[in-house]
Amino acid sequence: MEPLRPASEEEIRGLIQIYETRIPEAVQFLLILQNILRINTTVHGCDLEEASHRIRKTIYVPNNHSLNRLGTFVAISYEDDLYIMAHSLEEPPLELSDALQNTQLIKWHLKPTFVVGEATLIHETIHQKAKEISLRIDTFDFVNYWLQREKAANLNVVIPSDVQLMPLEKEHGKLINEWWTYRYKMSQWYIESAIKHNGALGLFDKITAELVACVFKNDLDGIAHLYTVPDRYNKGYGTTLAKAMARLIAVDHQQQVQTFITANNEKSIKLFEKLGFVAVNKIYWLILQL
């Protein structure tokens, strides 16, 4: 019997309520759930059909009739940009491990990327399944940083005098993708969709109108892809955009604010800690490869 089934909108809202009680340690998974619910309930028709498969996800819950008090869920995107986000508040997460082992919903041969927490059992389960079909896993670990919504709403955004702060447009996706160190086959499509549906900001030179720095909210509803062109370093652009995006998320989107940073990215860590962000946990990206 298939261990997972699609969650109803009411069940997703119930999961969100459960995860709201576990802030800040589970904030990234709360925001994942909020992102998916928002996309699935507000983006329709042609806009949905044209959106990146990475941001089009279905949430699955255990296929039983009991209340999902353990907060177990598996979110699976569409196949052309396959991301799987899985989490449970059960310790150890036996229910989630069983679901990952036995579900037919995960197309392992398409080499998905998993986004998971620190639970050793889940890492072991994914590694074992990958080994069975002769795939290896590249693991990337990040530290999650959180800023309470009320504090983010009170950040003072000061825009440097040589630039103008404006929302990004979908057309900026091509350039941002070229800047991105981790670009991949479908990444421009993902960036364009994130700009359109999640929110994005840029700093533009007042004289040339060139985009010189950017940031947007990713499919974890977190601050991501904060970038300044090299010849504009040390002008405060990163701080400006981080503050502006944090305020946008806190005030306009009425959400908690988080980002995730690699442990060796000292510059970004210093920037966000200066703004009041605190480290709350780790998140892992497990990328399946041949």
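- Expressed to the nearest 0.5 Å, how far CG of Asn177 lies from OG of Ser187 amounts to 3.5 Å.
- Of the charged side-chain nitrogens involved, none lies within less than 4.0 Å of a carboxylate oxygen, so that Lys185 and Asp81 do not count as a salt-bridged pair.
- Between Trp285 and Tyr182, a ring centre-to-centre spacing not shorter than 6.0 Å is recorded.
- Under the 4.5 Å side-chain contact rule for hydrophobic residues, Leu226 and Leu248 share a cluster.
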| field | Working for side-chain contact (heavy atoms from CB on, under 4.5 Å), residues Ile249 and Asp221 | value | CA-CA 9 Å; Ile249 293 171; Asp221 267 8; over 6 Å; no

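- Ile12 and Phe29 fall within the same hydrophobic cluster, defined by Ile, Leu, Val, Met, Phe, Trp and Tyr side-chain heavy atoms under 4.5 Å apart, directly or through other members.
- Aromatic rings of Tyr83 and His53 (six-membered ring for Trp) have centroids beyond the 6.0 Å cut-off, not under it.
- No salt bridge links Glu178 with Arg183; every basic N to acidic carboxylate O contact stays at or beyond 4.0 Å.
- Taking the six-membered ring for Trp, Phe114 and His123 have ring centres at least 6.0 Å apart.
- Using a 4.0 Å cut-off between a side-chain N of Lys or Arg and a carboxylate O of Asp or Glu, Lys270 and Glu266 do not qualify as a salt bridge.
- Taking the six-membered ring for Trp, Phe272 and Trp146 have ring centres at least 6.0 Å apart.
- Remark: side-chain polar atoms of Arg56 are not paired, donor with acceptor, to backbone N or O of Ile36 under 3.5 angstrom.
- Using cut-offs of 30° and 60° for the angle between ring planes, the Tyr190 and Trp180 rings count as tilted.
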| task | Report the C-alpha separation of Phe260 and Asn218 in whole Å, then their side-chain angles, then the decisive distance to 0.1 Å, and conclude whether the side-chain contact (heavy atoms from CB on, under 4.5 Å) test is met. | result | CA-CA 11 Å; Phe260 54 92; Asn218 65 3; 3.2 Å; yes

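- Under a 4.0 Å N-O distance rule, the pair Arg54/Asp219 qualifies as a salt bridge.
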| Passes side-chain contact (heavy atoms from CB on, under 4.5 Å), Lys243 versus Leu275? Steps please. | CA-CA 8 Å; Lys243 285 183 176 181; Leu275 299 185; 3.5 Å; yes

